[in-house]
Protein chains: 2
Amino acid sequence: MTFEHPDRDAIDLSAVLHALSDPQRREIVAELAASAEPRPCGSFAPGISKSTRTHHFRVLREAGLIEQWKEGTSKMSRLRRADIDARFPGLLDSVLGSKALAQV
Amino acid sequence: MTFEHPDRDAIDLSAVLHALSDPQRREIVAELAASAEPRPCGSFAPGISKSTRTHHFRVLREAGLIEQWKEGTSKMSRLRRADIDARFPGLLDSVLGSKALAQV
DNA sequence: CACAAAGTACGACGATCGTCGTATCATTTG
DNA sequence: CAAATGATACGACGATCGTCGTACTTTGTG
């Protein structure tokens, strides 16, 4: 918990919706939601540069969507599903559910 | 239907989330959702300028969230709830529902 | 026709966004 | 210690955003 994570009650809807409005970030969130296990940042979005990936992860973390911590040389990420579901019930499910459509 | 309205199947999730990420526009959508009757644009968001209001309504319309048509000198707006609900089930409810929180 | 009302078009402005490359840091491993 | 790995910091760039004011169009009303 050494990074900037907003408390559950401080999670802002505008920030969450903005974070989710980017397809790249939505893809990351979808992958995190699919695998319950935490994963290192580097295992996502292979098409983009490292700095861009860092940027996207920071946006997600500061919006309160993910939690991050260091583990060796890697940085692990986990979806804050309980917090998001508690604060905005149904939001994550509807956004991720529509991913099942041909929604790229 | 003389304006640019995306078809239901063409409604893009990124555009919808981006449109909803602005508090001003979310407020408009919330008011439209509250009163089932169409309302002229001028009856919203009294604090902002006319041009900004026009801009917000266009963003909402081009994202597929609202439908607009002229009626006399006014332009009426109605929420495309059925289309949004069909395309992204639960999304609108979760976004508007959280409005009930102290989410400004 | 003249006037008022409701929106739009068109820039403009500062701010933020998504992306990148390069340099740097922290950690593990040889 | 030295090298490699995984991620960050720091600009930088073009693009988009939210906001505004002013000028303009469209429509209805006297």
Side-chain angles (χ1 to χ4, degrees), chain A residues 1-6 12-32 37-78 104, chain B residues 1-6 12-32 37-78 104:
Chain A
M1 275 296 192
T2 36
F3 304 99
E4 186 184 336
H5 293 82
D12 179 56
L13 181 54
S14 294
V16 168
L17 293 175
H18 167 249
L20 291 174
S21 74
D22 184 273
Q24 211 77 256
R25 288 193 290 261
R26 222 157 47 228
E27 172 65 25
I28 293 176
V29 170
E31 288 188 36
L32 278 175
E37 292 306 305
R39 288 170 48 187
C41 295
S43 64
F44 295 91
I48 63 179
S49 76
K50 284 202 300 178
S51 15
T52 301
R53 191 159 39 214
T54 297
H55 165 71
H56 284 319
F57 273 92
R58 176 170 37 195
V59 172
L60 289 172
R61 172 168 42 82
E62 293 182 353
L65 278 162
I66 67 173
E67 179 186 6
Q68 292 189 288
W69 65 97
K70 295 204 70 170
E71 209 160 284
T73 71
S74 299
K75 194 167 191 177
M76 309 301 287
S77 297
R78 186 198 295 134
V104 184
Chain B
M1 278 294 189
T2 34
F3 305 98
E4 187 184 335
H5 294 82
D12 179 57
L13 181 54
S14 294
V16 168
L17 292 176
H18 166 250
L20 290 174
S21 74
D22 182 271
Q24 210 77 254
R25 288 193 288 261
R26 220 156 51 228
E27 172 65 25
I28 293 175
V29 170
E31 289 189 35
L32 278 175
E37 290 306 302
R39 287 172 47 189
C41 296
S43 63
F44 295 91
I48 64 179
S49 75
K50 284 201 302 180
S51 16
T52 301
R53 192 159 39 215
T54 297
H55 165 70
H56 283 320
F57 273 93
R58 176 169 36 195
V59 172
L60 289 172
R61 171 167 42 83
E62 292 180 355
L65 279 162
I66 67 173
E67 180 187 5
Q68 292 188 289
W69 66 96
K70 296 204 69 171
E71 208 160 284
T73 71
S74 299
K75 195 168 191 177
M76 310 302 286
S77 297
R78 185 198 294 133
V104 183

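All values derive from a computational prediction rather than experimental measurement. Letters A, B, ... are given to chains in the order of the sequence lines, protein chains preceding strands, and every chain is numbered from 1.
Partners of Glu71(A) by side chain to side chain donor-acceptor pair (under 3.5 Å), not counting sequence neighbours, listed by chain and number: Trp69(A). For Glu31(A), the side chain to side chain donor-acceptor pair (under 3.5 Å) partners two or more places apart in sequence, or in a different chain, are Arg39(A). By the side chain to side chain donor-acceptor pair (under 3.5 Å) test, His55(B) is found to be paired with no residue, residues two or more places apart in sequence or in another chain being considered. For Thr52(A), the side chain to side chain donor-acceptor pair (under 3.5 Å) test picks out Ser49(A), with sequence neighbours left out.
Among all heavy-atom pairs drawn from Leu32(B) and Ser77(B), the shortest one is CD2-O, 3.6 Å. Contact between Ala63(B) and Val16(B) at its shortest, heavy atoms only, is O-CG2, 3.7 Å. A pairwise comparison of heavy atoms in Pro40(B) and Ser74(B) identifies CB-CB, 3.9 Å as the closest pair.
Counting 5' to 3', DNA chain C first comes under 4.0 angstrom of a heavy atom of chain A and last does so at the ends given by dC17(C) to dT28(C).
Residues of residues 54-63 of chain A having a heavy atom closer than 4.0 Å to DNA chain C, listed by number: His55(A), His56(A).
Counting non-hydrogen atoms under 4.0 angstrom, Lys75(B) reaches the backbone sugars and phosphates but no base. Residue Thr52(B) is classed as a base contact, given a heavy-atom separation below 4.0 Å to a base.
Among pairs with a residue in residues 46-65 of chain A, none fulfils salt bridge (Lys or Arg N to Asp or Glu O under 4.0 Å), at least two apart in sequence or across chains.
One can place NZ of Lys50(B) at 13 Å from P of dA23(D), the figure rounded to the nearest angstrom.
In this structure a side-chain-to-backbone donor-acceptor pair under 3.5 Å is missing from Arg25(B) to Leu20(B). With hydrogens and angles disregarded, no donor-acceptor distance shorter than 3.5 Å links the side chain of Ser21(B) to the backbone of Ser14(A).
Checking Ser21(A) against Ser51(A), the closest nucleotide of DNA chain C that is more toward the 5' end is the one next to Ser21(A).
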Polar pairs (N or O, both sides) under 3.5 Å between protein and nucleotides 26-30 of chain D?
none

